[in-house]
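Note that the structure is a prediction, hence the values are computed from the model and not measured. In what follows, chains are A, B, ... by sequence order, proteins preceding strands, each numbered from 1.
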Amino acid sequence: MVLGSYKTAICARAADQDILAKSQDGGIVTQLFAFALEEGIIDGAVVAGPGDEPFKPEPIVATTRAELLEARGTRYTICPNMSMIKEATRSYGLDKVGIVGTPCQIQALRKAQLYPVGMRSVPDKIALALGIFCMENFPYQGLEAMVEDLCNVKMESAVKMDIGKGKFSVYTERGAVSQIPLKLTHKFEQGGCHVCLDYVANLADVSTGSVGTPDGWSTVFVRTKVGEDVWGKAIEAGYFETKDIADVKPGLDLVTKLANEKISKNQKTIEERAAFKNLRNPYL
Amino acid sequence: MGLLSYLKEIFTGKQETPEGPKAPGAPAAKPAATAAPEKVKVAEAAEAKPVQTPADVKVEQKPEEKIMEEKPVADKITIGHVHMSGCTGCLVSLADNYEGLFTLLDNYADLVYCLTLADVRDIPKMDVALVEGSVCINDPHSVEDIKKTRENATIVVALGACAAYGNITRFARGGQWNQPQHESYLPIGDLIDVDLYLPACPPSKESIRNVAVMAYLLLKGTDEQKELAAAYLKPLMDLAARGTEACGCDLIYDVINQGLCMGCGTCAAACPVRAIDIVYGKPQIDRDLCIKCGACYTQCPRSFFNFDVINQFEAISEAIDAAMGKGGE
Ligand code: SF4
Ligand code: SF4
Ligand code: SF4
């Protein structure tokens, strides 16, 4: 199953206009963490906060709604959220930690829970793991080259970046949009993504992404008992607007199609690597 | 609820669960063939079937097997803690499980040897030896003891980085004199065959707990539990086979140079001495700080990632919690 196991799939967006305002799509991650924080389900969450360069996120442990709001929006570069996971439990002393991550980061999290050799006080304190869909990712310098060299936009003047409909788009503060075909961005992808076999964060409690639902909405998979519990409570409390995923276009068919594309492409890379004597397969 | 019935319920109840990308080449097959399990004395285990099971056999057979937990005491495994040249931090980490330690000792394991906690002088026969510390080869007693450990234990675990890699006994920092000579301290794998590594300085209490529960299942469980435990333990066996040296550089050689790093930052979190920063999406290692504990590489999701085990994280975590008398639904 390329979409992983899940209990329900929903089309949703945050009910809170503040959150929705600067979020990438449906504001699911920010809204769900904000709810979990209010309810005491988590004491804080590792999220991608603002860094010292434009569009270069740094992981932070957010313990307030304001800090969560700071972290809205997608930046198409790596934010090493897992690097803060032990910091959250040991230095911040949190007992119930939330974390958001790409599929690979959620994989790292689950491995850290089952094989926690260097993860003292982490495994039992993960209260909510949110995953975001991910096709591939760019190192910061790669992103910089795409934006500045190919799109001709200064990093400082970009306000939003977006991938969709086969294009990479950069929006500037003066309202201009600069687009390049996604094809041109492939060479800037980080190599580690090419062996990645997870598109929709199969191991998260709840995973979400824009693919499959109309603009301004997000696709949400609720996967685990933990996820089901939190999601159920948030819906009950009116934190999300939802639609039946079967009624929206393009729907799960597109998610499945893209997941299949990613997995078969990368599976092929793994097979090709096997032809070289010394290239490891991490999944063996 | 007992661990076995709980696990059984979980792993036999959901035949349709396995999903997600299945790792090519079925990892569960091999571990049974390594040194450990074939020396298992199955006499007292309920069924005398060899541990070896084909990897792709689905976990689904007869729900009515022997319920062993009715007499848990008789079916405990025996564990010893063998203290070589280490700082006792690994033992403290084990003890850090608090009530969990008692649960382990009440239900699953007898501590038959432990100079710190049990009054036994000679290394007895045991199922699992947890060896802490490297071996000072200038001390004939230590050399004797490690050999005896190998002879008497079915499974030898290098508990912690000193036993596995030498760690601080070879790479202590701070300009102190090396007394006696640091070149005398060998990882146990340089003297004997080691079945399983649990690296890091110290390995977390939770990791020791998980391995103890899995060792119990490997030796005393039903066929399907043995299969799960073997699959779980395999990467740690592979680490033992990988060699007796570790370094933050392993990330460079075996992850980054392999084109596998994706910048998740897990290695930085795992490092006990904060020798790793993630700089522009890759780990940057301060080699002067590195104590060669192996935590970063072990913890990296691109060193090993066994889908067949980790995809079941929810069920396994629940089962371990239940085994330790925690949580529940
Ligand atoms: S494609 Fe995979 S490896 Fe790359 S960032 Fe996304 S989830 Fe991680
Ligand atoms: S844990 Fe592994 S994949 Fe993640 S940043 Fe470190 S070396 Fe890279
Ligand atoms: S870099 Fe840190 S975690 Fe890695 S081996 Fe060195 S001390 Fe251990």
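The local environment of NZ in A:Lys265 is crowded, with over 12 non-hydrogen atoms from other residues, nucleotides or ligands closer than 6.0 Å. Counting heavy atoms of neighbouring residues, nucleotides and ligands inside a 6.0 Å radius, atom NZ of A:Lys7 exceeds 12 of them. Within a 6.0 Å sphere centred on CD of B:Glu245, heavy atoms belonging to other residues, nucleotides or ligands number 12 at most.
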Practice problem: Might you work through the side-chain contact (heavy atoms from CB on, under 4.5 Å) test for B:Met324 and A:Asp124, ending with a clear yes or no? | Solution: CA-CA 12 Å; B:Met324 304 309 288; A:Asp124 304 344; over 6 Å; no

Exercise. Apply side-chain contact (heavy atoms from CB on, under 4.5 Å) to B:Cys271 and A:Lys86, showing your working.
Key: CA-CA 10 Å; B:Cys271 180; A:Lys86 198 159 70 177; over 6 Å; no

Quiz item: Run the side-chain contact (heavy atoms from CB on, under 4.5 Å) check on A:Thr102 and B:Met262 step by step: do they pass?
Solution: CA-CA 10 Å; A:Thr102 51; B:Met262 43 50 188; over 6 Å; no

Exercise. Could you walk me through whether B:Phe305 and A:Leu197 pass the side-chain contact (heavy atoms from CB on, under 4.5 Å) test, one step at a time?
Key: CA-CA 11 Å; B:Phe305 194 89; A:Leu197 300 177; over 6 Å; no

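In terms of heavy-atom pairs under 4.5 Å with chain B, the best-connected choice from A:Ser121, A:Pro139, A:Cys193 is A:Ser121. Contact tally against chain A (heavy-atom pairs below 4.5 Å) for B:Ala268, B:Gly259, B:Ser303, B:Gly281: the top residue is B:Ser303.
Residues B:Phe307 and A:Asn202 have side chains not in contact (no heavy-atom distance under 4.5 Å, counting atoms from C-beta outward). Taking 4.5 Å as the limit, every side-chain heavy atom of B:Glu314 sits out of range of all side-chain heavy atoms of A:Arg223. Looking at B:Gln299 and A:Met119, their side chains come closer than 4.5 Å, going by heavy atoms from C-beta outward. Using a 4.5 Å heavy-atom threshold, the side chains of A:Gln107 and B:Phe313 count as separate.
In this structure, the portion of A:Asn81 lying under 4.5 Å from any heavy atom of chain B is its backbone and not its side chain. No part of A:Glu271 comes within reach of chain B, as not one of its non-hydrogen atoms sits under 4.5 angstrom from that chain. Only the side chain of B:Pro235 comes within contact range of chain A, judged by heavy atoms closer than 4.5 Å. The parts of B:Leu260 that come within reach of chain A are both its backbone and its side chain, each placing non-hydrogen atoms under 4.5 angstrom from that chain. Contacts between B:Val309 and chain A at a heavy-atom distance below 4.5 Å involve backbone atoms as well as side-chain atoms. For chain A, the nearby part of B:Leu236 is the side chain; its heavy atoms alone come within less than 4.5 Å. Residue contact with chain B, scored on non-hydrogen atoms closer than 4.5 Å, involves the side chain of A:Arg273 exclusively. Looking at A:Thr269, there are no atoms closer than 4.5 Å to chain B (heavy atoms on both sides), in backbone or side chain. The contact between B:Cys300 and chain A is made entirely by backbone atoms, counting heavy-atom distances below 4.5 Å. Residue A:Glu53 touches chain B through its side chain alone, counting heavy-atom pairs closer than 4.5 Å. If you measure heavy-atom distances from B:Asn257 to chain A, you find no contacts under 4.5 Å at all.
Under the ring-ring contact (aromatic ring centres under 6.0 Å, His included) criterion, no residue pair touches residues 233-279 of chain B, with sequence neighbours excluded.
In terms of heavy atoms, A:Ala108 sits closest to B:Cys264 at CB-SG, 4.3 Å. When every heavy atom of A:Leu114 is checked against every heavy atom of B:Ile310, the shortest pair comes out as CD1-CA, 3.8 Å.
One distance of note links CZ of B:Arg302 with OH of A:Tyr283; it measures 4.0 Å at 0.5 Å rounding. The distance from atom CG of B:Asn311 to atom OG of A:Ser5, rounded to the nearest 0.5 Å, is 8.0 Å. Between the CG atom in A:Asn278 and the CD atom in B:Gln258 there is a gap of 7.5 Å [rounded to 0.5 Å]. Summarising the geometry, atom CG belonging to B:Leu198 is positioned 11.0 Å from atom OH belonging to A:Tyr115; distances are rounded to the nearest 0.5 Å. Here B:Tyr280 contributes atom OH and A:Lys56 contributes atom NZ; the two are 5.5 Å apart, rounded to the nearest 0.5 Å.
Between B:Arg274 and A:Glu87 a salt bridge is recorded (basic side-chain N to carboxylate O distance below 4.0 Å).
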